[in-house]
Structure formats: structure tokens, C-alpha cells
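Computed from a prediction, not measured in an experiment: that's the story for all the values here. We count ligands from 1, going down the list as the structure has it; atoms in each ligand are counted the same way.
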Amino acid sequence: MNFELTEEQLMIRDSARDFAQAEIAPSSVERDIKSEFPADIIKKLGELGFMGMMVPPEYGGAGLDTISYVLAMIEVSKVDASVGVIMSVNNSLVCYGLEKYGTGYIKEKYLTPLAKGEKLGAFALSEPEAGSDATKQKTTADRQGDCYAINGIKNWITNGQSADYVLVMATTDKSKGHHGISTLIVEKGTPGFGYGKKEDKLGIRSSDTSSLTFTNCCVPVSNLVWEEGKGFNFAMNTLNGGRIGIAAQAVGIAEASLDAAIKYSKERKAFGQHISEFQAIQFKLADMAVKVDAAKLLTLKAAALKDAGKKHYKEAAMAKLFASKIAVECALEAVQIHGGYGYVREYLVERYLRDAKITEIYEGTNEIQRIVIARALMDEY
Ligand code: CAA
């Protein structure tokens with residue numbers, strides 16, 4: 001076992017860190033308050049190769065490994081988890097899926113601009129009545145000659161109104177249950193494709209979460225990804241990688257919380273000394289540091305398995321379950337250490353707490369991660 005990062009991985013981590021500090025940090029508070037989508041930042045991230053990190057260069061990507069992606073996701077999310085989720089969805093749910101299952105035409109027309117960051121993608125699985133129970137898709141796609149007519153509503157879609165291309169899971173054959181679900185690419189502006197409400201969220205407020213509506217929205221048959229009936233497997237397989245991205249996002253939030261707590265405890269004085277000198281504070285910081293490291297290692301392990309082409313769905317679920325849980329715990333402790341200052345916008349820790357919570361919910365709630373892990377354990381023994 002080797003815990004050393006390669007020169008290239010270290011370089012990617014450092015350039016993500018530099019970019020995050022220089023370009024993302026200055027506007028993060030204002031964007032959070034105004035719920036403003038970071039369009040310019042996403043454009044620059046694309047130019048630097050961070051929006052299609054694992055896509056081969058022949059399709060416009062940076063051709064890097066999942067470890068590098070995790071390191072970059074941590075650095076970006078440490079500064080702004082909203083930017084982290086936008087980057088994660090484009091990389092892991094959209095680009096990965098199209099690269100693995102798309103035709104040559106799809107890779108040329110859709111993957112390449114997505115990987116270059118010229119276009120932005122979204123992944124539309126959840127529905128008003130199909131969240132955790134994702135097999136119960138009500139959105140339909142009826143074959144009509146050389147196109148599919150899509151009808152239905154999608155909920156909680158990250159990048160919803162900002163995306164140029166949306167991967168839509170829809171039922172093409174109801175009689176086959178989840179084996180009758182297919183994945184179709186819908187372009188922004190296609191007649192019949194509309195938007196519902198943009199959500200006013202607790203955290204990750206600078207990302208765009210919207211519902212999408214489809215009314216006789218016709219897309220060409222050439223926009224079918226993989227095969228008819230493979231849409232649910234497509235969603236599950238891509239979500240395994242997505243969960244690694246969200247675990248990395250959670251690690252970033254937890255690390256930011258720890259850093260802020262250390263810094264503040266060394267500045268703040270009470271009872272005649274810096275609060276960092278009290279054992280009560282030191283124990284909190286020590287526990288936070290252990291949790292951050294453990295979550296990072298679980299996330300890197302899942303990434304290493306994925307890079308090695310090995311089964312990683314259990315490890316991705318474990319990483320997401322643990323990292324999201326400790327992100328909330330570390331953010332809560334950081335707020336506690338800051339006392340009253342932790343409860344107001346003047347310090348960033350209140351945002352870390354608001355941002356952390358979603359990591360326990362999206363890309364499969366932590367209850368769903370436990371189902372995935374438990375089923376894997378049953379299969380193994
Ligand atoms: N990896 C690969 N395949 C998986 C899988 C995984 N982790 N989990 C399930 N599957 C496959 C099964 O092998 C099975 O395949 P076959 O039928 O072809 O053999 C199929 O999926 C159905 O699985 P089950 O029979 O176990 O179905 P179930 O209904 O009992 O459980 C579930 C399915 C695991 C609960 C699934 O519905 C699930 O993961 N739900 C959570 C959905 C989710 O994560 N949504 C996130 C939305 S996207 C998002 O949040 C993005 C964002 O905005 C940031």
C-alpha cells in the first residue's frame with residue numbers, strides 16, 4: 001500500500017487550491033447571500049480542465065485519474081461547496097456516463113464540449129414521487145418514429161436551469177419496471193422542455209437546484225445513451241462515481257471547518273488565555289482531525305479502486321456515508337468553538353454547517369448508502 005501522491009496529483013491539488021483561493025473565495029459570501037450561480041468561475045474551471053477531469057484528451061478532457069479529481073474536489077469544496085457540487089455533477093454524473101456509455105456521435109457532439117467546460121451538464125433522475133425509491137420513474141419517453149417524446153417532471157436537479165444538456169431518465173417500457181427505463185440527452189431550448197421553480201435552499205445556495213418539466217419534448221433517437229432499458233443501470237453505475245465526488249465535497253467542508261476552528265481558537269482569548277489552550281477545545285480539534293483523515297482515506301480508497309477498474313460501489317457508499325456525517329459533525333463543532341461568532345455570517349463556519357447538511361441527502365441519502373453497503377455485505381458472505 002502506498003500513501004504517497006504522485007507529482008502530477010500534487011500539482012493538480014495545488015493548482016485547484018490556488019484557483020479556489022484566488023478566484024472562488026472572494027465572491028463566495030456574496031454569492032451565498034444572493035443565491036447567485038458562479039457562471040464565470042465555472043467557465044474558468046472549464047478552461048483549466050476541471051470540468052472534464054477524467055475524460056480522455058481526445059474528447060476534450062484532462063485525462064486524469066479519480067484520485068486527482070478527489071483532491072481537486074476537496075480543495076474547491078473547502079472554499080465553496082456550491083462550486084464543488086456543480087463541478088462534481090458535470091464530472092462524475094454527466095461526463096463519466098457519456099464517456100462510458102455514449103456512442104461516438106454522443107461523445108463528439110455532447111461529451112467533448114462538456115469536458116472542455118464549454119457546456120454544462122445536469123443529471124435528472126429524481127422526481128416528485130421517486131427520490132430514494134428511484135425505480136419508480138413516472139416520466140415517460142414514447143418512441144415516435146425517429147424521436148422520443150418525453151413527458152414528466154424532474155425534481156431537485158443540480159445545474160437544472162443552467163445546464164446546456166440534461167441526461168433524463170425516463171420510462172420507455174412500463175411493463176419492464178426498472179429495466180424499462182432509458183437515458184436520453186435533452187438540449188436546453190428543445191420545445192417542450194421547461195423549468196419549474198428554482199429552489200431557495202438552506203445551503204449550497206450559489207448552486208442552481210431546479211425542477212424541470214417535459215411536455216411532448218421530442219429528442220432524436222440518436223440521443224439515447226447506452227440502450228433502451230439500461231437507463232436505471234446507467235444511473236446507478238454513474239452514481240457510484242458521483243458518490244465519490246460528494247464524499248470529497250464533504251471532506252472539503254470538514255477540512256475547512258477544522259482549519260477555521262484551529263485558527264479561531266488560537267486567536268480568541270477567554271479566562272486569560274487562548275481558548276486553544278483549554279483541553280476541552282483541544283479534544284474537539286483532535287476528534288475533528290481524526291474524522292477528517294478517516295473520511296479522506298475512505299474517499300481516496302474508493303477512488304483508487306475505481307481507477308484500478310475494480311468494483312467500488314460499496315466503498316463509494318461507505319465514503320459518502322462517513323464523509324457526509326463527519327462534515328456535519330465538524331461544522332457543528334466549528335460553530336460551537338466559535339461560540340456566538342459561529343452563529344453569524346461574519347465567520348464562514350455557519351455556511352459550512354448549512355452546506356454540509358446536503359451531503360447527507362443528495363446522490364442517495366445516508367439511509368440509502370446503508371442499504372447499498374448492507375446488500376454488498378450480504379453478497380460478499
Ligand atoms: N451500483 C450499481 N448497480 C446498482 C447499485 C449500485 N450502487 N444499486 C442498485 N443497483 C442495481 C441493482 O444491481 C439492480 O440491477 P439489475 O436489476 O439490473 O440486476 C438495480 O439497480 C435495481 O436494484 P434493486 O433491485 O436493489 O432495487 P431497489 O429498488 O431495492 O434499490 C436503490 C435501489 C439502491 C434504493 C436505488 O433506487 C438508489 O440508489 N436510490 C437512491 C437514488 C439516488 O441516489 N438518487 C440521487 C439523485 S442524483 C443527485 O442527487 C445528483 C445531485 O443533484 C447532486
Straight-line distance of [X] [atom1] to [Y] [atom2], nearest 0.5 Å:
{"X": "S222", "Y": "Y110", "atom1": "OG", "atom2": "OH", "answer": "6.5 Å"}
{"X": "I74", "Y": "K296", "atom1": "CD1", "atom2": "NZ", "answer": "5.0 Å"}
{"X": "Y352", "Y": "D80", "atom1": "OH", "atom2": "CG", "answer": "9.5 Å"}

Are any of the N/O atoms in [X] less than 3.5 Å from those in ligand 1?
{"X": "D133", "answer": "no"}
{"X": "N240", "answer": "yes"}
{"X": "R375", "answer": "yes"}
{"X": "L93", "answer": "no"}
{"X": "Y313", "answer": "no"}

Show the atoms of ligand 1 that are less than 4.0 angstrom away from any heavy atom in [X].
{"X": "A134", "answer": "37 (O), 42 (C)"}
{"X": "N237", "answer": "2 (C), 3 (N)"}
{"X": "T135", "answer": "29 (O)"}
{"X": "T158", "answer": "52 (C), 53 (O), 54 (C)"}
{"X": "V89", "answer": "54 (C)"}
{"X": "S132", "answer": "35 (C), 37 (O), 38 (C), 40 (N), 41 (C)"}

So Y264 and Y341, would you call those rings parallel, tilted or perpendicular, with 30° and 60° as cut-offs? tilted
Geometric class of the F278/F271 ring pair [parallel <30°, tilted 30-60°, perpendicular >60°]: perpendicular
Decide, yes or no, whether a salt bridge links [X] with [Y] under the criterion of side-chain N to carboxylate O below 4.0 Å.
{"X": "E329", "Y": "K291", "result": "yes"}
{"X": "K43", "Y": "D40", "result": "no"}
{"X": "K136", "Y": "E127", "result": "no"}

Return the closest protein heavy atom for [atom] as residue, atom name and distance.
{"atom": "atom 4 (C) of ligand 1", "answer": "M236 CB, 3.5 Å"}
{"atom": "atom 15 (O) of ligand 1", "answer": "N233 ND2, 3.5 Å"}
{"atom": "atom 34 (C) of ligand 1", "answer": "V372 CG2, 4.3 Å"}
{"atom": "atom 44 (O) of ligand 1", "answer": "R243 NH2, 2.8 Å"}
{"atom": "atom 16 (P) of ligand 1", "answer": "H179 NE2, 3.4 Å"}
{"atom": "atom 17 (O) of ligand 1", "answer": "H178 NE2, 2.6 Å"}
{"atom": "atom 50 (O) of ligand 1", "answer": "E363 N, 2.8 Å"}

Just checking, any donor-acceptor pair under 3.5 angstrom between side chains of S82 and S207? no
Indicate whether the side chain of N366 and that of S324 have a donor and an acceptor atom separated by less than 3.5 Å. yes
S126, G364, A122: member with heavy atom nearest to atom 47 (C) of ligand 1: S126
Closest by any non-hydrogen atom to atom 48 (S) of ligand 1: pick that one out of F232, F234, F123, W156. F123
Are there protein heavy-atom neighbours of atom 12 (C) of ligand 1 below 4.0 Å? no
Is atom 20 (C) of ligand 1 touching the protein, meaning some protein heavy atom lies under 4.0 Å away? yes
Given K154, E199, K198, the one that forms side-chain contact (heavy atoms from CB on, under 4.5 Å) with S210: K198
Quick check: closest heavy atoms across G196 and T213, and the distance to 0.1 Å? N-CG2, 4.4 Å
Which one holds for L239 and ligand 1: side chain close, backbone close, both close, or neither close, with close meaning a heavy atom under 4.0 Å? side chain
At under 4.0 Å between heavy atoms, which part of I371 makes contact with ligand 1: side chain, backbone, both or neither? neither
H179 vs N233 side-chain heavy atoms within contact, under 4.5 Å: yes
Checking N91 side chain against M53 main chain: does a donor-acceptor pair fall under 3.5 Å? yes
